[in-house]
Amino acid sequence: MSTIAITGSTDGLGLATARRLAREGHDVVLHGRSSTKLDAARSQVEIERPGAVVAALAADLSDLSAVDELATRILDSVDSLDVLINNAGVFRTPSPMTTAGLDVRFVVNTLAPYRLTRLVAPAMTASGRIVNLSSAAQAPVDTGAMRGRTALDAGTAYAQSKLALTMWSRHLSDEFGASGPVIVAVNPGSFLATKMVAEGYGVEGHDISTGVDILVRASTSPEFADASGAYFDNDAGRFAHPHPDALDQEKNTALVAVLDELLAADG
């Protein structure tokens, strides 16, 4: 069985996935912003299997220094890390800019998981997996907006941040090659019944188990063992092409250069 860390796992898709994984015998590391919600999530997961939660770690992913600390705490809490599911995300928020002057959608949806992956991947084996939650909503990335110079509405920022995540997923897959963990980007399904969908679109959403099923498969199933760099579209139920920009190696490299620039500027 595997040890699996899941960001954003105090509610919605992340918590439901943690519960399923625990039920199937895996150990999980929970993450959230609120210690109170983490305690509640731990209780729910351990209903499925007592002792399944290895650690429950609080960190605000809009603070990149907190991402560094989270990576250290994840690795310190496990004997080995088999899977990282980058699930945490932001769509609509009353505070769209961070104190550092960056769009919080890009920070939480793109930069934070990129940084976290960079930090934990060296401790993972070639059979490990990084599962990145992408979206059917993907739009060409405005690097000015990613640098905080251009204001975007919630939907546009979200779509751009998810394409950016899909692009760096493919880039790191190429960079790591056969020696690194498998990295896949997954659209878990459009308009699932999550808090993000309810707050962002005012709709109830579809059965969340659709998304849970694909995240469990991406984390544990042999069908994803050789899928590094691929994009799985759960709306279509198959591996598919993402936005064309994510298939352009030069664009992926250029985008990662901006991510590295922003992280270097943050210190």
Engineer: Quick one: does Val258's side chain get under 4.5 Å of Val141's, heavy atoms only?
Structural biologist: no
Engineer: Apply side chain to side chain contact (heavy atoms under 4.5 Å, CB included) to residues Thr17 and Asn87 and explain how you reach the verdict.
Structural biologist: CA-CA 10 Å; Thr17 300; Asn87 166 72; over 6 Å; no
Engineer: Please determine which of Leu15, Leu30, Asp11 meets the side chain to side chain contact (heavy atoms under 4.5 Å, CB included) test together with Lys37.
Structural biologist: Asp11
Engineer: Mark yes or no for whether Thr110, through its side chain, and Ser161, through its backbone, hold a donor-acceptor pair below 3.5 Å.
Structural biologist: yes
Engineer: Suppose we screen for side-chain hydrogen bond (donor to acceptor under 3.5 Å, both in side chains). Which residues come up paired with Thr10, at least two apart in sequence or across chains?
Structural biologist: none
Engineer: Which heavy-atom pair separates Ala227 from Val184 by the least distance, and what is that distance?
Structural biologist: O-CG1, 3.3 Å
Engineer: Which atoms form the tightest heavy-atom contact between Val182 and Ala225, and what is the distance?
Structural biologist: CG2-O, 3.3 Å
Engineer: Are Val67 and Leu262 linked, directly or through other ILVMFWY residues, by side chains that come within less than 4.5 angstrom of each other?
Structural biologist: yes
Engineer: Report yes if the side chains of Leu165 and Asn109 come closer than 4.5 Å at any heavy-atom pair, otherwise no.
Structural biologist: no
Engineer: May I have all residue pairs that pass side-chain hydrogen bond (donor to acceptor under 3.5 Å, both in side chains) and include part of residues 94-103, sequence neighbours excluded?
Structural biologist: Asp103-Arg105
Engineer: Atom OG of Ser9 and atom CG of Leu57: how far apart are they, to the nearest 0.5 Å?
Structural biologist: 9.0 Å
Engineer: Minimum heavy-atom separation for Val107 to Pro113, with atom names?
Structural biologist: O-CD, 4.2 Å
Engineer: Who are the side chain to side chain contact (heavy atoms under 4.5 Å, CB included) partners of Leu247, not counting sequence neighbours?
Structural biologist: Arg170, His241, Pro242
Engineer: When hydrophobic residues are tied together by side-chain contacts of less than 4.5 Å, even through go-betweens, does Val256 share a cluster with Leu172?
Structural biologist: yes
Engineer: By the ring pair (Phe, Tyr, Trp, His ring centres under 6.0 Å) test, which pairs, at least two apart or in different chains, include something from residues 117-151?
Structural biologist: none
Engineer: Examine Val54 and Met1 and state if one hydrophobic cluster contains both, with Ile, Leu, Val, Met, Phe, Trp and Tyr joined whenever side-chain heavy atoms are less than 4.5 Å apart.
Structural biologist: no
Engineer: Partners of Asp213 by side-chain hydrogen bond (donor to acceptor under 3.5 Å, both in side chains), sequence neighbours excluded?
Structural biologist: Arg20
Engineer: For residues Thr7 and Leu116, determine if any side-chain heavy atom of one lies less than 4.5 Å from a side-chain heavy atom of the other.
Structural biologist: yes
Engineer: How far does OG1 of Thr3 sit from CG of Leu21, to the nearest 0.5 angstrom?
Structural biologist: 11.0 Å
Engineer: For Arg23, check salt bridge (charged side-chain N to carboxylate O under 4.0 Å, His left out) against everything at least two apart and list the hits.
Structural biologist: Glu48
Engineer: Please report the C-alpha distance between Arg49 and Asp27 in whole Å, then the side-chain angles of each, then the deciding distance to 0.1 Å, and finally whether the salt bridge (Lys or Arg N to Asp or Glu O under 4.0 Å) criterion is met.
Structural biologist: CA-CA 9 Å; Arg49 182 170 61 83; Asp27 291 335; 3.0 Å; yes
Engineer: What distance separates Ser173 OG from Glu175 CD, expressed to the nearest 0.5 Å?
Structural biologist: 10.0 Å
Engineer: Do Val28 and Ile47 belong together in a cluster built from hydrophobic side chains that touch within less than 4.5 Å?
Structural biologist: no
Engineer: Could you walk me through whether Phe176 and Met124 pass side chain to side chain contact (heavy atoms under 4.5 Å, CB included), step by step?
Structural biologist: CA-CA 11 Å; Phe176 292 167; Met124 300 174 72; over 6 Å; no
Engineer: Counting only N and O atoms by type, is there a donor-acceptor contact under 3.5 Å from the side chain of Ser135 to the main-chain atoms of Asn187?
Structural biologist: no
Engineer: Keeping the roles fixed (side chain from Arg129, backbone from Ala218), state whether a donor-acceptor pair exists under 3.5 Å.
Structural biologist: yes
Engineer: What pairs of residues pass the ring pair (Phe, Tyr, Trp, His ring centres under 6.0 Å) test when at least one of them lies in residues 94-138, not counting sequence neighbours?
Structural biologist: Tyr114-Trp168
Engineer: Is it the case that one hydrophobic cluster holds both Val83 and Leu119, taking links as side-chain heavy atoms less than 4.5 Å apart, direct or via other members?
Structural biologist: no
Engineer: Could you go step by step and tell me if Thr156 and Gln160 meet the side chain to side chain contact (heavy atoms under 4.5 Å, CB included) rule?
Structural biologist: CA-CA 6 Å; Thr156 302; Gln160 290 192 22; 3.5 Å; yes
Engineer: Give, for atom CG of Asn252 and atom CD of Glu250, the distance between the pair rounded to the nearest 0.5 Å.
Structural biologist: 10.0 Å
Engineer: Any chance you could measure Leu13, atom CG, to Leu133, atom CG, to the nearest 0.5 Å?
Structural biologist: 6.0 Å
Engineer: Shortest non-hydrogen contact from Leu163 to Ala139?
Structural biologist: CD2-O, 3.1 Å
Engineer: Hey, what's the ring geometry for Phe232 with Phe224, parallel, tilted or perpendicular (30° and 60° as the breaks)?
Structural biologist: tilted
Engineer: Checking Asp63 now: which residues fulfil side-chain hydrogen bond (donor to acceptor under 3.5 Å, both in side chains) with it, not counting sequence neighbours?
Structural biologist: Ser65
Engineer: Donor-acceptor pair, Asp233 side chain versus Arg238 backbone, under 3.5 Å?
Structural biologist: no
Engineer: Tell me every residue that passes side-chain hydrogen bond (donor to acceptor under 3.5 Å, both in side chains) with Ser219, counting only those two or more places apart in sequence or in another chain.
Structural biologist: none
Engineer: Check the surroundings of atom CG in Asp153: do more than 12 heavy atoms from other residues, nucleotides or ligands lie under 6.0 Å from it?
Structural biologist: yes
Engineer: Is His31 reaching over with its side chain to a backbone N or O of Ala5, donor-acceptor style, under 3.5 angstrom?
Structural biologist: no
Engineer: For the residue pair Lys162 and Ala137, what are the closest heavy atoms and their distance?
Structural biologist: CB-O, 3.7 Å
Engineer: Indicate yes or no for a side-chain donor-acceptor contact from Asn86 to the backbone of Asn132 under 3.5 Å, with no hydrogens or angles considered.
Structural biologist: no
Engineer: Of all heavy-atom pairs between Ser228 and Pro181, which one has the smallest distance, and what is that distance?
Structural biologist: OG-O, 4.1 Å
Engineer: With a 4.5 Å heavy-atom cut-off, do Glu24 and Val216 have their side chains touching?
Structural biologist: yes
Engineer: Not counting sequence neighbours, which residues clear salt bridge (charged side-chain N to carboxylate O under 4.0 Å, His left out) with Glu261? List them please.
Structural biologist: Arg147
Engineer: So, using salt bridge (charged side-chain N to carboxylate O under 4.0 Å, His left out) as the criterion, who are the partners of Glu69 when residues are at least two apart?
Structural biologist: none
Engineer: CG/Leu84 to CD1/Ile74 distance, rounded to the nearest 0.5 angstrom?
Structural biologist: 6.0 Å
Engineer: Residues in salt bridge (charged side-chain N to carboxylate O under 4.0 Å, His left out) with Asp142, at least two apart?
Structural biologist: none
